[in-house]
Amino acid sequence: MPEASASLRTQVVIVGAGPAGLLLGQLLARGGVDALILERQSADYVLGRIRAGVLEQGSVEVLGEAGVGQRLLAEGLPHEGIELAFDGQRHRIDLAALTGRRVTVYGQTEVTRDLMQARAQAGLRTVYEATDVSLHGFDGNSPVVRWRAGGRAHEARCDYIAGCDGFHGVARASVPTGALRTFERVYPFGWLGVLCDTPPVSDELIYANHPRGFALCSMRSRTRSRYYVQCGLDERVQDWSDDRFFDELRSRLDAEAAERLVTGPSIEKSIAPLRSFVAEPMRFGRLLLAGDAAHIVPPTGAKGLNLAIADVRNLARALIASCRHGDEADLETYSARSLRRVWKAVRFSWWMTTLMHRFPETGEFDQRIQEAELGYLVGSRAASTALAENYTGLPFEN
Ligand code: FAD
Ligand code: DHB
């Protein structure tokens, strides 16, 4: 017997319930636009992925406007500076003094949890464990999204599809080849990250350039630390015991930080490859891409999550104007406006990655250039300001 299939209608189908998809759903609901979210994984799986940890001031403002800023304000750690470590010394970049702006340390998992909770409270629907999601008709006026869940086939007719399904999602892959231009740089190393319930080594984040490779000391709270070390692409997590990881991290820090480092059992350990990637444009008829579905940056500048939030801010406004008032002007310019800012973050992330890591092909000349640039960066107010301006986040419209 053929299985029953279910059909429904909504204004926007959002593919992906990561931070981009959930925030878009939240902003659309507040703007009076009906949306359904489809997510391939379970809610617990999404919450278990440890990713970004630093929010730009503008991102904090957008989350506040979306009505999910309460816990972020109470529990997020405002940071007014970062430290750059090289040549055995640490140098503080005073973000607040240089730009009047600061960042907030608050984990991506917490942003996701707050958005999930707001969605559940408002009675809005997210389909988790939706498989075989496929997109149709977005080059015309009547897009349809099909998927399977609970052993049944489903479809939703809609006005727009928002592809918020990350780098490996189905949305960008559904665009006909030839309609998309892609730009990519793959870096010859990854980051090995560890999360543990120990007090952070310092009050502020430390980005270290060391002959053994890059290291980053970050945190999630005053009792939970997040540490990373640059590693080879052929490394395997199972070859890194906690002791080996902390010995490596300690060896890349200045003596004082190394002395202060408190170690403890890891509660998460993973390796992430580093990549820059941009797909242009971000709109194809009635399909709009946002966040990692459209672009990836290496994590060094802490920009990935913040870029997703900036895209979604633009996209929500444009979809609300179209769905509520029939005004398509903002949708027409969504891709071009977003990409202008995206490329600036791609440039900054590439620059900070190049400055802070050891590349296998680095010769003595490149090494001296890196040292000279680091010296210039911490010695020049103009250069420090350029770093601080990008790190705390460029204006949304530029
Ligand atoms: P995602 O968070 O990837 O969400 C996309 C969602 O779509 C996922 O839940 C996925 O399951 C779902 N999905 C995928 N395919 C389908 C499908 N076919 N159907 C339905 N749903 C689908 N950024 C930083 O700033 N700092 C960091 O330290 C950092 N670390 C990272 C570590 C890793 C391992 C990764 C992968 C990324 C990291 N990032 C970091 C980047 C940052 O986490 C991302 O930029 C951010 O998650 C982007 O949000 P998003 O919602 O666009 O995409
Ligand atoms: C974190 C990750 C980053 O890439 C970064 O630049 C700063 C902090 C983190 O996971 O805490």
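Because the structure is predicted, anything quoted here is derived from the model rather than measured.
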task: Please determine if Asp114 and Arg71 form a salt bridge, counting it only when a charged side-chain N lies under 4.0 Å from a carboxylate O.
output: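 Salt bridge flag = yes for Arg71 with Asp114.
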
- request: Using a strict cut-off of less than 4.0 Å between a Lys/Arg side-chain nitrogen and an Asp/Glu carboxylate oxygen, indicate whether Arg313 and Glu397 qualify as a salt bridge.
  value: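 The answer is yes: the pair qualifies as a salt bridge.
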
task: Could you note down all residue pairs passing side-chain hydrogen bond (donor to acceptor under 3.5 Å, both in side chains) where residues 164-178 supplies at least one of them, sequence neighbours left out?
output: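 Matches after skipping sequence neighbours: none remain.
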
task: Could you list all the side-chain hydrogen bond (donor to acceptor under 3.5 Å, both in side chains) pairs where at least one residue sits in residues 27-43, not counting sequence neighbours?
output: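 Sorted pair list: Thr10-Asp34.
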
- request: Any ring pair (Phe, Tyr, Trp, His ring centres under 6.0 Å) involving residues 266-292? Give me the pairs, sequence neighbours left out, ordered by first then second residue.
  value: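 Those involving residues 266-292 are Phe167-Phe277.
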
field: Residue pairs involving residues 28-70 (criterion ring pair (Phe, Tyr, Trp, His ring centres under 6.0 Å); sequence neighbours excluded)
entry: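 As it turns out, there is no ring pair (Phe, Tyr, Trp, His ring centres under 6.0 Å) pair with a partner in residues 28-70 once direct neighbours are skipped.
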
Residues [X] and [Y]: side-chain donor-acceptor under 3.5 angstrom:
X	Y	value
Asn209	Arg252	no
Thr362	Arg358	no
Arg49	Gln108	no
Glu268	Ser270	yes
Thr99	Tyr391	no
Gln117	Gln121	no
Thr300	Tyr207	no

Is atom [atom1] of [X] surrounded by more than 12 heavy atoms (other residues, nucleotides or ligands) closer than 6.0 Å?
X	atom1	answer
Glu361	CD	yes
Arg244	CZ	yes
Gln70	CD	no
Arg102	CZ	no

- request: Using the salt bridge (charged side-chain N to carboxylate O under 4.0 Å, His left out) rule, collect all pairs that involve residues 180-202, keeping only residues at least two apart or in two chains.
  value: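 Qualifying pairs, neighbours excluded: Glu184-Arg275, Asp197-Arg224.
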
message: Could you check, using the six-membered ring where one of them is a Trp, whether Phe189 and His357 have ring centers closer than 6.0 angstrom?
response: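 Here the rings of His357 and Phe189 have centres that are less than 6.0 Å from each other.
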
- request: Report yes if the distance between the aromatic ring centroids of Phe183 and Trp343 is under 6.0 Å, otherwise no.
  value: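 So the answer is yes for these two rings.
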
message: Is it the case that the side chain of Asn390 and the backbone of Ala386 share a donor-acceptor pair, with hydrogens and angles ignored and the cut-off at 3.5 Å?
response: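 Yes, because the side chain of Asn390 sits within donor-acceptor range (under 3.5 Å) of the backbone of Ala386.
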
message: Please check this pair: side chain of Asn306 against backbone of Val54, looking for a donor-acceptor N/O pair closer than 3.5 Å.
response: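 Judged by distance alone, yes, a pair lies under 3.5 Å.
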
task: Check whether NZ of the Lys or CZ of the Arg Arg283 lies under 6.0 Å from the centre of the six-membered ring of Tyr334 and within 45 degrees of that ring's axis.
output: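 Because its charged atom misses either the 6.0 Å distance or the 45° angle limit, Arg283 does not stack over Tyr334.
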
message: Using salt bridge (Lys or Arg N to Asp or Glu O under 4.0 Å), reason through Glu56 and Lys303 one step at a time and then give a plain yes or no.
response: CA-CA 8 Å; Glu56 294 172 1; Lys303 288 286 159 250; 2.8 Å; yes

task: Specify whether Trp191 and Phe214 have parallel, tilted or perpendicular ring planes, treating 30° as the upper limit for parallel and 60° as the lower limit for perpendicular.
output: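 If you compare the ring of Trp191 with that of Phe214, the planes turn out parallel.
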
field: Residues that Thr126 engages under side chain to side chain contact (heavy atoms under 4.5 Å, CB included), provided they are two or more places apart
entry: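 Listed in chain order: Ala17, Ile37, Arg119, Tyr128.
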
